[in-house]
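Structure first, then comments.
Throughout, a chain's letter reflects where its sequence line sits, starting with A, and its residues are numbered from 1.
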Number of protein chains: 2
Amino acid sequence: MPITIVDVATRAGVSKTTVSRVLNGKGEVDRRTADRVRAVITDLGYVPNARAVNLARGRTRVVGMLVPALTWPWMGEVLQGAVDVVESEAYGLLLFTCNRGDESMRRFASQVSARSFDGLLVVEPEGTLDYITELHRRGLPVVLVDDRGHQPGFPSVRTTNEAGARSAAAHLLHRGRRRPLVVTGPRRFGCTRERTAGFTEAYAEAGLPVAPDRLVEGDFTFECGRAAVRRLLTDRVDFDAVFAHNDLSAAGALQALRDAGRRVPTDVAVVGFDDLPLAGHTHPPLTSVRQPLREMGAAAARALIGHLAGKPLPDPPTVIPTSLTVRASTGAT
Amino acid sequence: MPITIVDVATRAGVSKTTVSRVLNGKGEVDRRTADRVRAVITDLGYVPNARAVNLARGRTRVVGMLVPALTWPWMGEVLQGAVDVVESEAYGLLLFTCNRGDESMRRFASQVSARSFDGLLVVEPEGTLDYITELHRRGLPVVLVDDRGHQPGFPSVRTTNEAGARSAAAHLLHRGRRRPLVVTGPRRFGCTRERTAGFTEAYAEAGLPVAPDRLVEGDFTFECGRAAVRRLLTDRVDFDAVFAHNDLSAAGALQALRDAGRRVPTDVAVVGFDDLPLAGHTHPPLTSVRQPLREMGAAAARALIGHLAGKPLPDPPTVIPTSLTVRASTGAT
DNA sequence: CTGAAAGCGCTTACAG
DNA sequence: CTGAAAGCGCTTACAG
């Protein structure tokens, strides 16, 4: 039913080869022949079958993308950045998650083996780095959007976790805050260590080392931020600022402060990390270190597709800097 | 380099046909032959090339999914529901957005023509319903996740906007709220009309018709909720409840109430719609009509894949009911 | 139970 | 400038 290259060839009175040539602009074709073929193509509304083209060419013009879950608040930004680039390069994006655990990874692995895509974009599902590394070693082009500070042995795109945390510290110091509380992410993540290091070093350099009991390990949830602040208030630990490793836990901190009757930012200034839309809607709006999520997704896609087109991959990780978005939670007017 | 069916056939001393048969479990094959072939397959780690299989079979085993944008707060849930089903059925999901406008739609259209996927899941980008309808008319299997109350001329999955709004009204009435304010979505959306109808009818039936000046058209943003409440307070309109057509505008309403010194829920009870994670993190936590977003995505994927497997599509839209999540903004303890 | 051959819809040397 | 033929890696009648 759908029309094929044979239909076009027959109607135009030429061979498939010639049709293919005008389709791909390869080789010399007589002007008049080419015009005739083109006329038939538009006339019939012919579009080459992607599967057939790809089989013949030995590639799919599809990139796979593997992410841990689609419901995380910042995943949409990364995805959108990647999709925008993939689309504009006329590639397709095949999406995988490992939401269903091992079963998901098995399905994913089978698609890898079946060569369903030419290259892979990945926001690493926890615990799969070795597997991804192996895929890369076996020849699958891979670019990682490194949200965890892994710095893996293959191309990746990351942000300046350390410098971002430093900028938060500098901002709080500038506002005269001398006793910050830090609510971190899980300690096993590189990004947590980087953000902690950047922040504490900046304070130490200002002659105000952050005592260990002011570093509370969290897990990036609203609840962990709330619980940490509540507990330290109960313990009568004195602090005039909170630096949370993401916006969600910062929002939790804001709530605990409000519940305890502390004024933000007068009594306690609060800074988050990510700068998601929610940062603009907290009460008061949250100062936050902006992660360039969409840009990271886009940069990873660009690097991968460039590589598929023959360009070398950047060897050191691509680094896209954070920036500080100042809002009322640290005293912006 | 990658090994093919020919490698397996040669090594096992049989024809490609036989290998194909044991691969697909079709036709009779001698036990011992089959075992030998299977041994070679695992030995070589052979996996059939998906493109080749699909070309030979005339289908892709991929479904396309078109969404307006990936950064909307509820899109991740719909996507996750769809991806879970698609993966478990061993299909692939090719993702498209129209984030880049006409150019995006052109790219998408070319993938449709190139038969890059067997069927389409769509959360309709505004203004593309006619185009999608045309695709469906031309024979592309399509299932719509109908978030706008379109009730289109092809299979779709929707929720109970009207009943959901009614449940919000019933809940507020039960709490003794007699003068509600409604912050709606854009009037051109069917879902806005349905939610408005359900809510106002329930109040009218209770002998408390909602006056037109208490129906404020919004646009689903935080700001519209805030602005609406602020303006009505300035105008000294008297109200003891707010029903917002989504959680974001409800959060904006909460903020305006707090800024004006109104207590929630004592002075004003607030109900949102969607029941996104943010509803649990507002101050106070927000009572909300839960949209079964993930279930909607999953149901749409199930219907589509079932159809591709030969099952008939459900003719009337699949309807997945809302439910009411009660939190402190209406007085839960 | 098994295989040779044609076919899926293209591309690409190779020959003219 | 153009075409016949082989090939991409499978599946599927058809024949035995």
Test salt bridge (Lys or Arg N to Asp or Glu O under 4.0 Å) applied to [X] - qualifying residues, sequence neighbours left out:
X     : answer
B/D30 : none
B/R21 : none
B/R59 : none
A/R32 : none

- Toward the 5' end of DNA chain C, which comes first, A/N49 or B/E28, by nearest nucleotide?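 Here B/E28 is the residue nearer the 5' end.
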- Query: Which residue lies toward the 5' end of DNA chain C, A/V6 or B/V29, if each is placed at its nearest nucleotide?
  - Reply: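 That would be B/V29.
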- Task: Using a cut-off of strictly less than 4.0 Å, decide whether B/T4 has a side-chain nitrogen or oxygen near OP1 or OP2 of D/dC8.
- Result: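 No, because none of the side-chain N or O atoms of B/T4 sits under 4.0 Å from OP1 or OP2 of D/dC8.
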- Using a cut-off of strictly less than 4.0 Å, decide whether B/T18 has a side-chain nitrogen or oxygen near OP1 or OP2 of C/dT2.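 False: B/T18 side-chain N/O out of range (4.0 Å or more) of C/dT2 OP1/OP2.
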- How would nucleotides 11-16 of chain C be written as a contact map, 5' to 3', with B for base contact, S for sugar-phosphate-only contact and - for no contact, using protein heavy atoms under 4.0 Å? BBB---
Starting from [atom2] on [N], measure out to [atom1] on [X] and report it in whole angstrom.
X      : N      : atom1 : atom2 : answer
B/L55  : C/dC8  : CG    : C1'   : 4 Å
B/R61  : D/dC10 : CZ    : C1'   : 16 Å
B/R59  : C/dC8  : CZ    : C1'   : 13 Å
B/R115 : C/dC10 : CZ    : C1'   : 15 Å
B/N54  : D/dC8  : CG    : C1'   : 14 Å

- Message: Does either side chain, that of B/E103 or that of A/S88, offer a donor lying less than 3.5 Å from an acceptor on the other one?
- Response: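 No donor-acceptor contact under 3.5 Å links the two side chains.
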- Between A/T60 and A/N54, do the side chains contain an N or O donor and an N or O acceptor separated by less than 3.5 Å?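 No.
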- Message: Can you tell me which nucleotide in D/dG3, C/dC1, C/dC10 comes closest to the side chain of A/Y46?
- Response: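 Selected nucleotide (nearest to the side chain): C/dC10.
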- Task: Among residues two or more places apart or on two chains, list those pairs meeting salt bridge (Lys or Arg N to Asp or Glu O under 4.0 Å) that have a residue in residues 64-82 of chain A.
- Result: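 Residue pairs passing salt bridge (Lys or Arg N to Asp or Glu O under 4.0 Å), neighbours aside: A/E77-A/R294.
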- Query: ring pair (Phe, Tyr, Trp, His ring centres under 6.0 Å) with B/F154: which residues, sequence neighbours excluded?
  - Reply: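 For B/F154 the ring pair (Phe, Tyr, Trp, His ring centres under 6.0 Å) partners, ignoring immediate neighbours, are B/H136.
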- Message: Can you list everything that forms a ring pair (Phe, Tyr, Trp, His ring centres under 6.0 Å) with B/F96? Sequence neighbours excluded, please.
- Response: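 With sequence neighbours excluded, B/F96 shows a ring pair (Phe, Tyr, Trp, His ring centres under 6.0 Å) to B/F108, B/F117, given in chain and number order.
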- Query: Which part of the nucleic acid, if any, lies within contact of A/V14, taking any heavy atom under 4.0 Å across all strands shown: a base, the sugar-phosphate backbone alone, or nothing?
  - Reply: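 Since only primed, P, OP1 and OP2 atoms lie under 4.0 Å of A/V14, the category is sugar-phosphate.
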- Item | Base-paired stems in DNA chain C, each at least three Watson-Crick or G-U pairs under 3.5 Å |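 Detected stem regions: C:1-3 with D:14-16, C:5-12 with D:5-12, C:14-16 with D:1-3.
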